[in-house]
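Working notes, beginning with the structure itself.
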Amino acid sequence: MNDKPVFVTEPFLPPLDEFIPYLEEIWKSGVLSNGGPFHKELEARLCEYLGVPYVSLCSNGTVALMLALKALKLKGEVITTPYSFVATSHAIKWNGLEPVFVDVDEHSCNLDVTKIESAITENTTAILPVHVYGVPCFTEQIQEVADRHNLKVIYDAAHAFGVKQGGESVLSKGDLSIVSFHATKVFNTFEGGAIISQTKEMKDRIDSLKNFAFQDNFISREWGLNGKMNEIQASMGLLQLKYVDQTIEYRKGISEIYRNGLNDIAGIRLLDELTDVSSNYSYFPIFVSGEKYGLSRDELCQKFEGMNIFPRKYFFPLISDMPCYENSSEGKAVEFPTSVTVSSEVLCLPLHSNLSLESAQRIVDVIRGE
Ligand code: T4K
């Protein structure tokens with residue numbers, strides 16, 4: 001039994017004394033929001049760090065997703081995954097669009113590209129895949145389908161900060177990508193998020209939409225919202241950048257303890273390690289097959305909770321089973337067998353920079369029954 005609870009995650013916080021000078025600067029300037037100097041600097045630094053052309057900072061990842069969908073002027077239906085955090089579909093609904101759920105494949109837990117095309121109707125205008133756990137989607141195949149049907153692609157890359165595939169940022173795929181800088185993410189600004197666009201025109205449009213859609217002389221020609229990141233968040237981001245490589249490296253060490261300790265247990269499945277991907281080690285999901293392992297996912301979870309250790313079932317229940325989606329005809333008409341299985345088996349193990357290597361080993365021992 002642990003004295004101190006072990007949570008699935010804890011935010012990385014840099015030394016407080018390094019944050020104070022930023023606060024002093026904000027107090028001195030009196031600039032708290034509306035595109036101040038730290039906001040400008042963080043956008044520029046993130047373009048450089050992530051290797052992407054344009055970044056628009058937002059107040060959080062959900063608002064970033066709402067703005068991204070709005071920016072593309074979509075109508076009708078958007079194909080997406082039921083295996084994600086609810087924000088993915090909520091943002092679709094908030095834009096007056098209909099989510100159409102398509103199953104995932106068990107190796108990536110991302111949209112099954114072989115099933116997308118059959119869900120396309122004359123009302124489909126976009127695909128919104130999620131790089132779940134930071135595992136890249138099959139972006140080339142998704143783009144091929146999108147091009148064939150003239151659809152936009154918006155990636156929910158909330159988990160994919162800094163992830164590269166073949167040396168290229170996954171955030172440079174599709175028309176737009178969004179990231180989350182929530183407290184629970186690899187890179188946090190307390191709350192926060194961003195939209196990555198590929199053209200200056202699109203960045204300008206998003207920057208206007210996140211500021212009430214003001215154009216020249218504070219005139220709005222469409223319904224924007226207030227999606228701006230403030231100066232305290234932006235300055236936290238600047239300071240986090242100094243430490244982010246170090247925190248990812250530490251998370252890698254924890255992930256290796258898990259991988260080495262758990263890769264040979266009957267009934268415990270891990271996600272494949274992808275050789276061409278530089279990961280951010282944001283989550284460590286395991287998939288528990290009760291029949292083969294001897295304990296169900298829920299029983300294993302309860303065992304941990306009894307020891308003051310709190311892994312999480314990201315993502316259970318499926319979005320399509322949430323009360324606000326279960327009556328939608330799209331959610332009901334289609335079956336998602338793989339999503340149902342992974343959702344009923346998944347358990348994300350604690351993974352963060354305050355987790356000691358000994359605690360990680362202890363978690364392995366519990367799963368091994370030692
Ligand atoms: N798309 C996807 C695929 C997402 O996963 C998310 C968010 C979004 C979009 C939307 O992005 P944001 O609008 O959030 O920027 C958490 C996060 O709140 C959420 O950001 C995240 N995904 C989701 C997967 O997880 P909860 O409800 O599980 O968080 P909570 O409060 O239970 O925190 C988990 C653990 O973290 C706690 O047990 C303790 C620890 N914790 C948490 C917070 C907030 C701390 O130690 N300190 C803290 O300040 O949703």
Side-chain angles (χ1 to χ4, degrees), residues 2 4-14 56-69 78 80-95 99 101 104 108-111 128-137 154-161 163 170-171 174 176-196 210 225-230 233 236-237 240 247 251 280 282-285 301 304-305 308-319 322 339 342-343 346-355:
N2 283 42
K4 194 174 167 276
V6 176
F7 293 118
V8 67
T9 188
E10 277 182 28
F12 171 77
L13 285 170
S56 298
L57 296 174
C58 296
S59 46
N60 60 59
T62 308
V63 161
L65 210 42
M66 287 163 60
L67 286 164
L69 289 160
V78 177
T80 191
T81 165
Y83 189 73
S84 181
F85 191 59
V86 281
T88 310
S89 293
H90 284 357
I92 295 174
K93 280 287 197 182
W94 272 81
N95 271 277
F101 299 111
V104 299
S108 65
C109 294
N110 293 328
L111 269 186
L128 173 34
V130 182
H131 302 295
V132 176
Y133 312 129
V135 175
C137 294
I154 306 108
Y155 282 103
D156 181 338
H159 304 174
F161 182 91
V163 174
V170 292
L171 304 175
L176 294 171
S177 290
I178 74 93
V179 274
S180 165
F181 304 152
H182 183 260
T184 56
K185 298 293 187 289
V186 165
F187 171 89
N188 85 77
T189 56
F190 294 10
E191 290 271 3
I195 305 173
I196 285 75
K210 79 177 191 190
L225 51 75
N226 180 357
K228 291 168 277 139
M229 176 179 278
N230 68 47
Q233 289 171 289
M236 172 53 73
Q240 291 274 353
T247 59
R251 299 171 85 103
N280 63 7
S282 51
Y283 294 86
F284 198 96
C301 190
F304 272 124
E305 287 174 3
N308 221 7
I309 298 171
F310 299 94
R312 288 287 288 270
K313 301 169 198 172
Y314 294 132
F315 291 101
F316 175 85
L318 293 176
I319 299 177
M322 300 268 181
S339 305
V342 291
S343 178
V346 72
L347 199 57
C348 285
L349 302 182
L351 177 52
H352 53 85
S353 34
N354 298 336
L355 185 75

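Numbering of ligands and ligand atoms starts at 1, following listing order. Note that the structure is a prediction, hence the values are computed from the model and not measured.
Here's the thing with S84: none of its N/O atoms is less than 3.5 angstrom from an N/O atom of ligand 1. Of the N or O atoms in P11, none lie within a sub-3.5 Å distance of an N or O in ligand 1. Checked against a 3.5 angstrom limit, the closest N/O atoms of T9 and ligand 1 fall inside it.
Residue contacts with ligand 1 do not include E191, since none of its heavy atoms lies under 4.0 Å from the ligand.
Taking only non-hydrogen atoms, the option from M66, K185, H182 nearest to atom 22 (N) of ligand 1 is K185. The residue from A91, C58, A158, A64 that puts a heavy atom closest to atom 2 (C) of ligand 1 is A158. Compare F181, Y83, F7, Y314 by their heavy atoms: the one nearest to atom 29 (O) of ligand 1 is in Y314. Of the options F310, Y133, F85, the smallest heavy-atom separation from atom 23 (C) of ligand 1 is shown by F85.
Scored by the side-chain hydrogen bond (donor to acceptor under 3.5 Å, both in side chains) test, Y155 finds no partners at all (sequence neighbours excluded).
Ring geometry for Y133 against F315 counts as parallel: the plane angle stays under 30°, on a 0 to 90° scale with 60° as the upper cut.
Distance check for atom 20 (O) of ligand 1: a protein heavy atom is found below 4.0 Å.
Considering every non-hydrogen atom in both L13 and F190, the closest pair reads CD2-CE1, 4.3 Å.
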